[in-house]
Novice: 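I am attaching a structure below and will ask some questions about it afterwards.
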Amino acid sequence: QVQLVESGGGSVQAGGSLRLSCKYSSRGTCMGWFRQAPGKEREGVAAIYTGGGSTTYAESVKGRFTISQDNAKRTLYLQMNSLKPEDTAMYYCAEGTAHFGAGDTVYCSLDEPDFGYLGWGTRVTVSS
């Protein structure tokens with residue numbers, strides 16, 4: 001069973017930065033971050049193809065968030081800059097499976113059914 005342990009959440013003011021970390025026991029072909037704000041459905045934020053490093057981002061975080069991995073440390077990161085109050089949520093690390101398309105096309109979606117495991121989450125609060 002895959003174990004995912006998130007850390008790095010906290011409270012910051014709008015415009016600030018946080019870096020989330022996720023220690024994993026094993027990784028899939030995709031690793032990702034999801035978030036769930038109070039009263040809202042969980043949504044995919046960012047994902048990375050672990051075999052090649054290609055990334056996928058939600059439109060709402062493009063240019064502000066960066067997903068990365070350190071395989072030697074078995075750690076996934078999410079660098080979050082220019083944080084906004086609407087980024088307030090519980091953030092979850094996820095392990096999943098890549099899509100292999102025609103030719104050499106490989107990508108990770110932000111669809112939760114493609115991710116079989118989620119961690120317990122780390123809370124991020126952004127105040128205005």
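The figures here come from the full heavy-atom set of this structure, side chains too, leaving out hydrogens, waters and symmetry mates.
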Novice: Does the side chain of Gln69 reach to within under 4.5 Å of the side chain of Arg27, using non-hydrogen atoms?
Specialist: yes
Novice: Can you see which heavy atom on Ala94 is nearest to which on Leu4, and at what distance?
Specialist: CA-CD1, 3.9 Å
Novice: Check whether any side-chain N or O of Lys23 sits under 3.5 Å from a backbone N or O of Lys73 as a donor-acceptor pair, and report yes or no.
Specialist: yes
Novice: Are Thr88 and Val124 close enough that some pair of their side-chain heavy atoms sits under 4.5 Å apart?
Specialist: no
Novice: Provide the closest heavy-atom pair for Gly44 versus Ala58 in the form atom of the first, atom of the second, distance.
Specialist: O-CB, 3.5 Å
Novice: Would you give the length of the straight line joining atom CG of Leu18 to atom OG of Ser11, rounded to the nearest 0.5 angstrom?
Specialist: 8.5 Å
Novice: Ignoring hydrogens and angles, tell me if any N or O in the side chain of Thr50 forms a donor-acceptor pair with the backbone of Thr29 under 3.5 Å.
Specialist: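 Here the side-chain-to-backbone pair exists.
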Novice: Report yes if some heavy atom in the side chain of Leu78 is under 4.5 Å from a heavy atom in the side chain of Thr66; otherwise report no.
Specialist: no
Novice: Just verifying a value: how many Å separate Ile67 CD1 and Cys108 SG, rounded to the nearest 0.5 Å?
Specialist: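 Separation between the atoms: 8.5 Å.
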Novice: Distance from Met80 atom CE to Leu20 atom CG, nearest 0.5 Å?
Specialist: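 Reported value, rounded in 0.5 Å steps: 4.0 Å.
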Novice: Once rounded to the nearest 0.5 Å, what's the spacing between atom OG1 of Thr56 and atom CD1 of Ile48?
Specialist: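 Between Thr56 OG1 and Ile48 CD1, I get 9.5 Å after rounding to 0.5 Å.
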Novice: Is Phe65 reachable from Leu110 through a run of I, L, V, M, F, W or Y residues, each pair having side-chain heavy atoms under 4.5 Å apart?
Specialist: no
Novice: Tyr92: what forms a ring pair (Phe, Tyr, Trp, His ring centres under 6.0 Å) with it, not counting sequence neighbours?
Specialist: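 Result, ring pair (Phe, Tyr, Trp, His ring centres under 6.0 Å) vs Tyr92: none returned.
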Novice: Can you tell me how far the SG atom of Cys93 sits from the OH atom of Tyr24, to the nearest 0.5 Å?
Specialist: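 The OH atom of Tyr24 is 9.0 Å from SG of Cys93, to the nearest 0.5 Å.
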Novice: Near Gln3 CD, under 6.0 Å, is it more than 12 heavy atoms from other residues, nucleotides or ligands?
Specialist: no
Novice: Kindly compute the distance separating OG (Ser21) from CD (Gln79), expressed to the nearest 0.5 Å.
Specialist: 9.5 Å
Novice: Using a 3.5 Å distance criterion without hydrogens, assess whether the side chain of Glu95 forms a donor-acceptor pair with backbone atoms of Gly28.
Specialist: yes
Novice: Tyr91 and Arg35: side-chain donor and acceptor closer than 3.5 Å?
Specialist: yes
Novice: Measure the shortest side-chain to side-chain distance between Glu6 and Leu76 over non-hydrogen atoms and say whether it is less than 4.5 angstrom.
Specialist: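 Side chain of Glu6 against side chain of Leu76, heavy atoms only: no contact under 4.5 Å found.
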Novice: Using modelled atom types only, decide if a donor and an acceptor are shared between the side chain of Arg64 and the backbone of Ser82 within a distance under 3.5 Å.
Specialist: yes
Novice: Filter on side chain to side chain donor-acceptor pair (under 3.5 Å), then keep only pairs touching residues 112-125, sequence neighbours left out; what's left?
Specialist: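 Qualifying pairs: Arg42-Glu112, His99-Asp114, Ser109-Asp114.
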Novice: So does Asp70 have more than 12 non-hydrogen atoms from other groups sitting under 6.0 Å from CG?
Specialist: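 Counting neighbours around CG of Asp70, more than 12 heavy atoms of other residues, nucleotides or ligands fall under 6.0 Å, so yes.
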Novice: Following the transitive rule for hydrophobic clusters with a side-chain heavy-atom cut-off under 4.5 Å over Ile, Leu, Val, Met, Phe, Trp and Tyr, establish whether Val45 and Leu118 coincide in one cluster.
Specialist: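 As far as the 4.5 Å side-chain criterion goes, Leu118 and Val45 are not connected within one cluster.
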Novice: Check for me whether the distance between the ring centres of Phe115 and Phe34 falls short of 6.0 Å.
Specialist: yes
Novice: Answer yes if Val61 and Met90 sit in the same cluster of Ile, Leu, Val, Met, Phe, Trp and Tyr residues linked by side chain heavy atoms under 4.5 Å apart, and no otherwise.
Specialist: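 Different hydrophobic clusters.
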Novice: If I compare all heavy atoms of Ala98 with all of Val106, which pair ends up nearest, and what's the gap?
Specialist: CB-CG1, 3.9 Å
